[in-house]
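Data block below; observations after.
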Amino acid sequence: MELIADILLVAGALGAGFYCYILARRLSRFNDLENGVGGAVAVLSAQVDDLSKTLQAAQGSAAESSSSLEQLTDRAEQVAKRLELLVASLHDLEGAPQQPAPPEDSSPAVFARHSGSH
(Lines give C-alpha, C1' and ligand atoms only; values in the text may rest on other atoms or scores of the structure.)
Protein backbone atom coordinates (compact mmCIF):
# COMPACT_ATOMS: atom_id res chain seq x y z
CA MET A 1 0.00 0.00 0.00
CA GLU A 2 2.85 2.33 0.78
CA LEU A 3 4.33 1.65 -2.62
CA ILE A 4 1.12 2.77 -4.37
CA ALA A 5 0.98 5.91 -2.19
CA ASP A 6 4.61 6.70 -3.02
CA ILE A 7 3.97 6.19 -6.77
CA LEU A 8 0.92 8.50 -6.61
CA LEU A 9 2.92 11.06 -4.65
CA VAL A 10 5.74 11.01 -7.22
CA ALA A 11 3.22 11.23 -10.09
CA GLY A 12 1.54 14.22 -8.41
CA ALA A 13 4.88 15.94 -7.89
CA LEU A 14 5.85 15.33 -11.53
CA GLY A 15 2.45 16.67 -12.68
CA ALA A 16 2.85 19.78 -10.49
CA GLY A 17 6.40 20.30 -11.81
CA PHE A 18 5.19 20.00 -15.41
CA TYR A 19 2.34 22.42 -14.69
CA CYS A 20 4.79 24.93 -13.17
CA TYR A 21 7.05 24.60 -16.21
CA ILE A 22 4.13 25.36 -18.57
CA LEU A 23 3.10 28.36 -16.44
CA ALA A 24 6.67 29.69 -16.39
CA ARG A 25 6.83 29.56 -20.21
CA ARG A 26 3.48 31.31 -20.55
CA LEU A 27 4.51 33.97 -18.05
CA SER A 28 7.78 34.61 -19.89
CA ARG A 29 5.85 35.06 -23.16
CA PHE A 30 3.34 37.28 -21.35
CA ASN A 31 6.10 39.58 -20.09
CA ASP A 32 8.07 39.55 -23.37
CA LEU A 33 9.04 43.14 -24.22
CA GLU A 34 8.50 42.72 -27.98
CA ASN A 35 5.29 40.73 -28.32
CA GLY A 36 3.64 40.35 -24.95
CA VAL A 37 1.90 42.59 -22.48
CA GLY A 38 5.27 43.90 -21.33
CA GLY A 39 5.80 45.37 -24.79
CA ALA A 40 2.34 46.90 -24.76
CA VAL A 41 3.02 48.43 -21.35
CA ALA A 42 6.35 49.82 -22.59
CA VAL A 43 4.70 51.34 -25.68
CA LEU A 44 1.89 52.84 -23.60
CA SER A 45 4.42 54.28 -21.17
CA ALA A 46 6.28 55.96 -24.02
CA GLN A 47 3.01 57.34 -25.39
CA VAL A 48 2.08 58.72 -21.97
CA ASP A 49 5.44 60.52 -21.83
CA ASP A 50 4.89 61.98 -25.30
CA LEU A 51 1.37 63.10 -24.39
CA SER A 52 2.64 64.70 -21.19
CA LYS A 53 5.20 66.72 -23.17
CA THR A 54 2.56 67.71 -25.72
CA LEU A 55 0.17 68.73 -22.95
CA GLN A 56 2.82 70.91 -21.33
CA ALA A 57 3.55 72.58 -24.67
CA ALA A 58 -0.17 73.16 -25.27
CA GLN A 59 -0.58 74.67 -21.80
CA GLY A 60 2.33 77.02 -22.44
CA SER A 61 0.89 78.05 -25.79
CA ALA A 62 -2.54 78.59 -24.25
CA ALA A 63 -1.07 80.76 -21.50
CA GLU A 64 0.80 82.83 -24.08
CA SER A 65 -2.32 83.20 -26.23
CA SER A 66 -4.34 84.17 -23.17
CA SER A 67 -1.93 86.95 -22.22
CA SER A 68 -1.84 88.20 -25.82
CA LEU A 69 -5.63 88.19 -25.97
CA GLU A 70 -5.79 90.06 -22.67
CA GLN A 71 -3.46 92.76 -24.01
CA LEU A 72 -5.52 93.08 -27.19
CA THR A 73 -8.72 93.33 -25.15
CA ASP A 74 -7.22 96.12 -23.04
CA ARG A 75 -6.19 98.00 -26.18
CA ALA A 76 -9.65 97.54 -27.67
CA GLU A 77 -11.25 98.91 -24.50
CA GLN A 78 -8.98 101.96 -24.59
CA VAL A 79 -9.80 102.58 -28.26
CA ALA A 80 -13.52 102.16 -27.54
CA LYS A 81 -13.30 104.80 -24.79
CA ARG A 82 -11.53 107.19 -27.17
CA LEU A 83 -14.16 106.57 -29.84
CA GLU A 84 -16.94 107.25 -27.34
CA LEU A 85 -15.28 110.56 -26.44
CA LEU A 86 -14.92 111.48 -30.12
CA VAL A 87 -18.57 110.65 -30.83
CA ALA A 88 -19.64 112.69 -27.81
CA SER A 89 -17.53 115.63 -28.97
CA LEU A 90 -19.11 115.37 -32.45
CA HIS A 91 -22.55 115.62 -30.89
CA ASP A 92 -21.37 118.78 -29.12
CA LEU A 93 -20.13 120.24 -32.42
CA GLU A 94 -23.45 119.64 -34.19
CA GLY A 95 -25.16 122.17 -31.92
CA ALA A 96 -22.55 124.88 -32.63
CA PRO A 97 -23.25 127.40 -35.44
CA GLN A 98 -21.48 126.58 -38.63
CA GLN A 99 -19.74 129.12 -40.81
CA PRO A 100 -21.87 130.12 -43.80
CA ALA A 101 -20.76 128.82 -47.17
CA PRO A 102 -19.45 131.47 -49.58
CA PRO A 103 -22.21 132.69 -51.93
CA GLU A 104 -22.19 131.16 -55.35
CA ASP A 105 -22.38 133.33 -58.45
CA SER A 106 -25.58 132.50 -60.27
CA SER A 107 -24.56 134.29 -63.46
CA PRO A 108 -23.13 132.05 -66.13
CA ALA A 109 -19.57 132.55 -67.20
CA VAL A 110 -19.19 134.57 -70.41
CA PHE A 111 -16.25 134.10 -72.71
CA ALA A 112 -15.55 136.68 -75.37
CA ARG A 113 -13.03 136.74 -78.12
CA HIS A 114 -11.36 140.00 -78.84
CA SER A 115 -10.30 140.46 -82.36
CA GLY A 116 -7.72 143.05 -82.28
CA SER A 117 -4.23 143.48 -83.42
CA HIS A 118 -1.73 142.44 -81.02
Side-chain angles (χ1 to χ4, degrees):
M1 188 71 145
E2 280 185 31
L3 183 62
I4 295 175
D6 288 340
I7 291 174
L8 288 176
L9 189 62
V10 168
L14 287 174
F18 182 71
Y19 182 71
C20 287
Y21 174 74
I22 297 295
L23 283 180
R25 284 186 53 197
R26 285 187 180 176
L27 185 62
S28 68
R29 274 191 255 147
F30 185 72
N31 288 330
D32 186 18
L33 287 178
E34 290 182 14
N35 299 326
V37 173
V41 169
V43 168
L44 288 175
S45 177
Q47 288 178 346
V48 166
D49 289 340
D50 290 342
L51 286 175
S52 297
K53 290 176 185 176
T54 304
L55 179 63
Q56 288 174 353
Q59 286 174 340
S61 176
E64 183 179 314
S65 295
S66 174
S67 67
S68 174
L69 184 60
E70 188 174 328
Q71 290 173 354
L72 288 174
T73 303
D74 290 342
R75 278 186 61 199
E77 287 176 358
Q78 291 172 358
V79 169
K81 287 178 184 178
R82 273 195 258 154
L83 283 174
E84 287 175 2
L85 287 174
L86 286 173
V87 169
S89 67
L90 282 177
H91 287 299
D92 292 343
L93 288 178
E94 286 178 8
Q98 296 180 356
Q99 294 180 351
E104 292 184 21
D105 234 0
S106 62
S107 62
V110 177
F111 296 100
R113 181 177 219 173
H114 298 286
S115 60
S117 60
H118 249 231

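FYI, side chains are in, hydrogens and waters are out, and symmetry mates aren't considered; it's all heavy atoms of this structure.
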Considering only distance and modelled atom types, tabulate donor-acceptor pairs under 3.5 Å from the side chains of residues 71-82, sequence neighbours left out.
from: T73; atom 1: OG1; to: L69; atom 2: O; distance (Å): 2.7

What pairs of donor and acceptor atoms, side-chain ones from residues 1-27 against any protein atom, are under 3.5 angstrom apart with sequence neighbours left out?
none

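- For the atom pair L90 CG and L85 CG, the distance stands at 11.0 Å (nearest 0.5 Å).
- Looking only at distances, a side-chain donor or acceptor of S89 sits under 3.5 Å from a matching main-chain atom of L86.
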Show the atom names and distances, to 0.1 Å, of all donor-acceptor pairs under 3.5 Å that link a side chain in residues 43-54 to residues at least two apart or in another chain.
from: S52; atom 1: OG; to: V48; atom 2: O; distance (Å): 2.9
from: T54; atom 1: OG1; to: D50; atom 2: O; distance (Å): 2.9

